[in-house]
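One structure is given here, and the rest of the page talks about it.
None of the values given here were measured: they were computed from a predicted structure. Counting begins at 1 with the first residue of the sequence.
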Amino acid sequence: MRQSEYDIVIIGSGLGGLLTAVFLAKEGMKVCVLEKNKQIGGCLQTFALHKKVFDSCVHYIGGLGEGHTLNRIFSYAGIMDKLSLSAFDTNGFDRIAFGDEQIEYPQATGKENFIEQLLPFFPEEKAALKKYIATMSEVTSHFPLYHLRNGSADEKIAVTSLELSGTLQHITSNKRLRNVLAGNNLLYAGVENVSPFYLHALVLESYLHSAHKVMPGSSQIAKLLWQELQKHGGEIHRNLGVTKLVEENGQICYAETEGGQRFYGKQFISNIHPAALLRITDSDLLRKAYRQRINGLEQTQSAFMINLVLRPGTVAHRDYNLYWHRTDDVFIGATNKAEWPQTYALYFVGDKERPGFAESLSILTYMSPVQTALWDTTENHSGRPTERDETYESFKQSYADQLFNKVLERVPELKGNILAQSVATPLTYRDYTHTPNGALYGILKNVHEPMKTTIATRTRIPNLLQTGQNVNLHGVLGVSITAIATAGELIGLDYLLGKINS
């Protein structure tokens, strides 16, 4: 073996790359993961502010309850019993609010409980709520890996043509109920008349099963997977951005980093955005038409986030997440064509030392990358820390004030009770997740172009595979399922599913 030669070389240490690495290392393969940032985990990254831990992207997770798909995947990966979890209010893990109305509509854990908690607000809609639950269950049943079984791609065809907003209209004529059911679409950046219903169904069904926050932050998942990888002989090399994947004789031969280091491998797996993969892969096997298709795909919307450390004992803790919408149209925020902000989400973290109070709060809303285009040529992340100019800082503060003042209308006790603040823009997401324009969830799934917006795990280069949120499905559960599909290409899908299910 040449120096730095592996069975598997994985580019990117997001959840998809880490899980795939663990699955393959458990089979005795020599696995290496290359990460451009100091911190591993991709969207699982956390940061500290005023000694409080904040999630950068993943504020809560569905499907970690006993028996659910994600629980079983994490159990096989060796991390489930090591996670510290905080459960949300089962009678409303998410609440949906509109305008200046004080009503907060609950989305509850458990399918029967979901209906029961919404019925007082929509007493005439029991049949519609039952139909919604039944439609969601029917659609998710057509996704084999979601249920940890092998199956045919044809199964999905029967439901991939269902569009989200149109399906909700078919379920109920009650506009407010439709907007409540889709009220937490910040979870997948749904776009009206574009996003498929299955995207909504797969995400929401997992939360209806269970909703948890990983304590003290989602980076615990990445750290535990790293430990498990090391246990099986795998390696992670940080602060090593890959600049080239070099092909020789129709196969990727090695990955070269910014410092000129070469990592040779038999198989390579990309856990970065497909467009980013194309930029570092000069191969005629990746044809011009494919490159044009990938580079021309629309991305999901980006985001703007304020993270706040709260003065102790001043702000009441909510053991739920709040999604607020300016109007009775929960989709308009994702297109940024109206007054900003159109929507926001509030994620509270409880104070262990002062029960009943929150120690911190994250405020998330959509923001178009057009807003930060002036600073597109700048870069700032742990692997390349640089400061942007004063105009950028002024921009951040201006929008942070605007968003914070809107939140004050619903949570007035925040005023005067902020100890520290940090702000993230589309550039922050771009630099730390390596997605074009800082897209929250990568490529936008389009119900009218399902094949065009579906990225395969295999590429035309025989020893180059893909995994991550742009392949198959996004979200923690979707990425975990995709990791199974990617690893299954190398060790056999039935074999891997058998191990997970046993």
Taking [atom1] in [X] as the centre, count heavy atoms belonging to other residues, nucleotides or ligands within less than 6.0 Å. Is the count above 12?
X	atom1	result
D282	CG	no
D284	CG	no
Q397	CD	yes
R149	CZ	yes

Legend entry - Those residues that, when tested against H209, pass ring pair (Phe, Tyr, Trp, His ring centres under 6.0 Å) (two or more places apart): H68

[X] side chain vs [Y] backbone, donor-acceptor pair below 3.5 Å:
X	Y	answer
E256	Y254	no
N470	I443	yes
R238	K38	yes
Y6	M29	no
K499	Y495	no
S206	V203	yes
T486	A483	no
H212	S210	no
Q371	S368	no
T482	V471	yes

Taking the side chain as C-beta and beyond, is there a heavy-atom pair between [X] and [Y] under 4.5 Å?
X	Y	result
H237	C32	yes
L308	I306	yes
R311	E359	no
L148	R72	yes
Y60	F93	yes
Y188	N185	yes
V214	I61	yes
N184	Q107	yes

Indicate the atoms forming the closest heavy-atom contact of [X] with [Y], along with that distance.
X	Y	value
S218	T46	N-CG2, 3.7 Å
G65	N71	O-CB, 3.1 Å
A303	L364	CB-CD1, 3.6 Å
V476	V58	CG2-CG1, 3.8 Å
V22	L225	CG2-O, 3.6 Å
G488	L496	N-CD2, 4.1 Å

Atom pair [atom1]/[atom2] of [X] and [Y] - distance to nearest 0.5 Å:
X	Y	atom1	atom2	value
K445	T453	NZ	OG1	5.5 Å
I10	L34	CD1	CG	9.0 Å
S56	Y429	OG	OH	7.0 Å
I280	I272	CD1	CD1	4.0 Å
I455	Q466	CD1	CD	7.0 Å
N437	M367	CG	CE	13.5 Å

Inset, instruction - Could you check L361 against L346 for side chain to side chain contact (heavy atoms under 4.5 Å, CB included), going step by step and ending with a plain yes or no? - result: CA-CA 7 Å; L361 170 65; L346 303 183; 3.9 Å; yes

Legend entry - The single option from T428, L427, D431 passing side chain to side chain contact (heavy atoms under 4.5 Å, CB included) against N380: D431

Legend entry - S195: partners by side-chain hydrogen bond (donor to acceptor under 3.5 Å, both in side chains), with sequence neighbours left out: none

Legend entry - R388/E393 ion pair, N-O < 4.0 Å: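 Salt bridge between R388 and E393, a charged N being under 4.0 Å from a carboxylate O: no.
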
Inset, instruction - Please determine if K213 and D55 form a salt bridge, counting it only when a charged side-chain N lies under 4.0 Å from a carboxylate O. - result: yes

Legend entry - Worked verdict on K266 versus D7 for salt bridge (Lys or Arg N to Asp or Glu O under 4.0 Å): CA-CA 5 Å; K266 298 173 184 175; D7 295 313; 3.1 Å; yes

Legend entry - Mutual orientation of the aromatic rings belonging to F395 and Y399 [parallel < 30°, tilted 30-60°, perpendicular > 60°]: tilted

Inset, instruction - Take K396 and T425, measure what side chain to side chain contact (heavy atoms under 4.5 Å, CB included) needs, and give me the verdict at the end. - result: CA-CA 8 Å; K396 287 199 302 181; T425 75; 3.6 Å; yes

Inset, instruction - Would you please test L245 and L464 for side chain to side chain contact (heavy atoms under 4.5 Å, CB included) and show each step? - result: CA-CA 10 Å; L245 288 180; L464 176 61; 4.2 Å; yes

Inset, instruction - Take I8 and F268 through the test side chain to side chain contact (heavy atoms under 4.5 Å, CB included) and record every step on the way to the result. - result: CA-CA 6 Å; I8 310 290; F268 291 78; over 6 Å; no

Inset, instruction - Apply ring pair (Phe, Tyr, Trp, His ring centres under 6.0 Å) to the pair F47 and F54, showing each step before the final yes or no. - result: CA-CA 5 Å; F47 65 95; F54 287 86; 5.5 Å; yes

Inset, instruction - Check the pair Y366, W340 against ring pair (Phe, Tyr, Trp, His ring centres under 6.0 Å), reporting the backbone distance first and the verdict last. - result: CA-CA 9 Å; Y366 293 115; W340 188 91; over 10 Å; no

Legend entry - Donor-acceptor pair between T435 and T433 side chains, under 3.5 angstrom: yes

Legend entry - Residue list, side-chain contact (heavy atoms from CB on, under 4.5 Å) with A275, at least two apart or on another chain: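 For A275 the side-chain contact (heavy atoms from CB on, under 4.5 Å) partners, ignoring immediate neighbours, are H273, R279, I294, N295, P436.
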
